[in-house]
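Reading through the structure tokens given below for one structure.
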Amino acid sequence: MQRAHIVTASLSTVIPGADSQIISGYQWVSRPSAIAADMYNDFAASSNPGWNILVRQPLPFAAGPGKLELTADLRNLLKAGYIPVQTLDGQTLYLLQAVRSYRGSLSFIF
């Protein structure tokens with residue numbers, strides 16, 4: 001075990017008129033490391049390793065008591081935290097703390 005420095009920054013905004021919510025966060029670690037997740041982290045969506053973006057867009061929906069919302073969740077866009085490990089047979093495996101992922105959804109909120 002060794003010490004590492006971590007810097008986390010997060011920005012969020014709402015675009016007027018469209019009501020789009022955008023949250024962007026970046027976490028930098030001073031050395032390649034795999035760090036356990038913090039169970040008490042209140043802003044986990046934007047404090048994962050690398051660069052993360054969350055976009056929520058409400059859609060107009062006239063019928064019924066609910067509303068529709070589109071969500072795009074982009075995680076670890078810069079592939080931060082990929083630690084290469086050489087195996088005995090010469091292959092390279094990667095130890096991952098946070099895998100790069102892209103998710104989208106259409107939600108009905110009532």
Atom pair CD1 (Ile109) and NZ (Lys67), whose distance is rounded to the nearest 0.5 Å: 5.0 Å
Pairwise distance OG1(Thr8) to CD(Gln27) - rounded to 0.5 angstrom: 4.0 Å
Closest approach of Trp51 to Ser24 (non-hydrogen atoms, all atoms of both residues): NE1-OG, 2.9 Å
Arg56 vs Leu70 side-chain heavy atoms within contact, under 4.5 Å: no
Shared hydrophobic cluster for Leu11 and Val7 (ILVMFWY, side-chain gaps under 4.5 Å): no
Salt bridge (Lys or Arg N to Asp or Glu O under 4.0 Å) contacts touching residues 15-29 (sequence neighbours left out): none
Gap between atom CG of Leu54 and atom CD of Gln21 - 0.5 Å precision: 7.0 Å
Leu88: side chain to side chain contact (heavy atoms under 4.5 Å, CB included) partners, not counting sequence neighbours: none
Point-to-point distance, once rounded to the nearest 0.5 Å, from CD1 of Ile83 to CG of Leu93: 12.5 Å
Pairs flagged by side-chain hydrogen bond (donor to acceptor under 3.5 Å, both in side chains) wherever residues 100-110 is involved - sequence neighbours left out: Asp73-Arg103
Test side-chain contact (heavy atoms from CB on, under 4.5 Å) applied to Asn76 and Tyr82, step by step: CA-CA 10 Å; Asn76 199 5; Tyr82 281 46; 3.7 Å; yes
By side chain to side chain contact (heavy atoms under 4.5 Å, CB included) - contacts of Leu68 (at least two apart): Leu59, Phe61, Leu106, Phe108
Chi angles and distances behind the side-chain contact (heavy atoms from CB on, under 4.5 Å) call for Ile22, Ile15: CA-CA 8 Å; Ile22 302 171; Ile15 298 174; 3.7 Å; yes
Verdict with supporting geometry, Ile53 and Ile23, side-chain contact (heavy atoms from CB on, under 4.5 Å): CA-CA 6 Å; Ile53 300 173; Ile23 302 169; over 6 Å; no
side-chain hydrogen bond (donor to acceptor under 3.5 Å, both in side chains) against Gln86, all qualifying residues, sequence neighbours excluded: Thr92
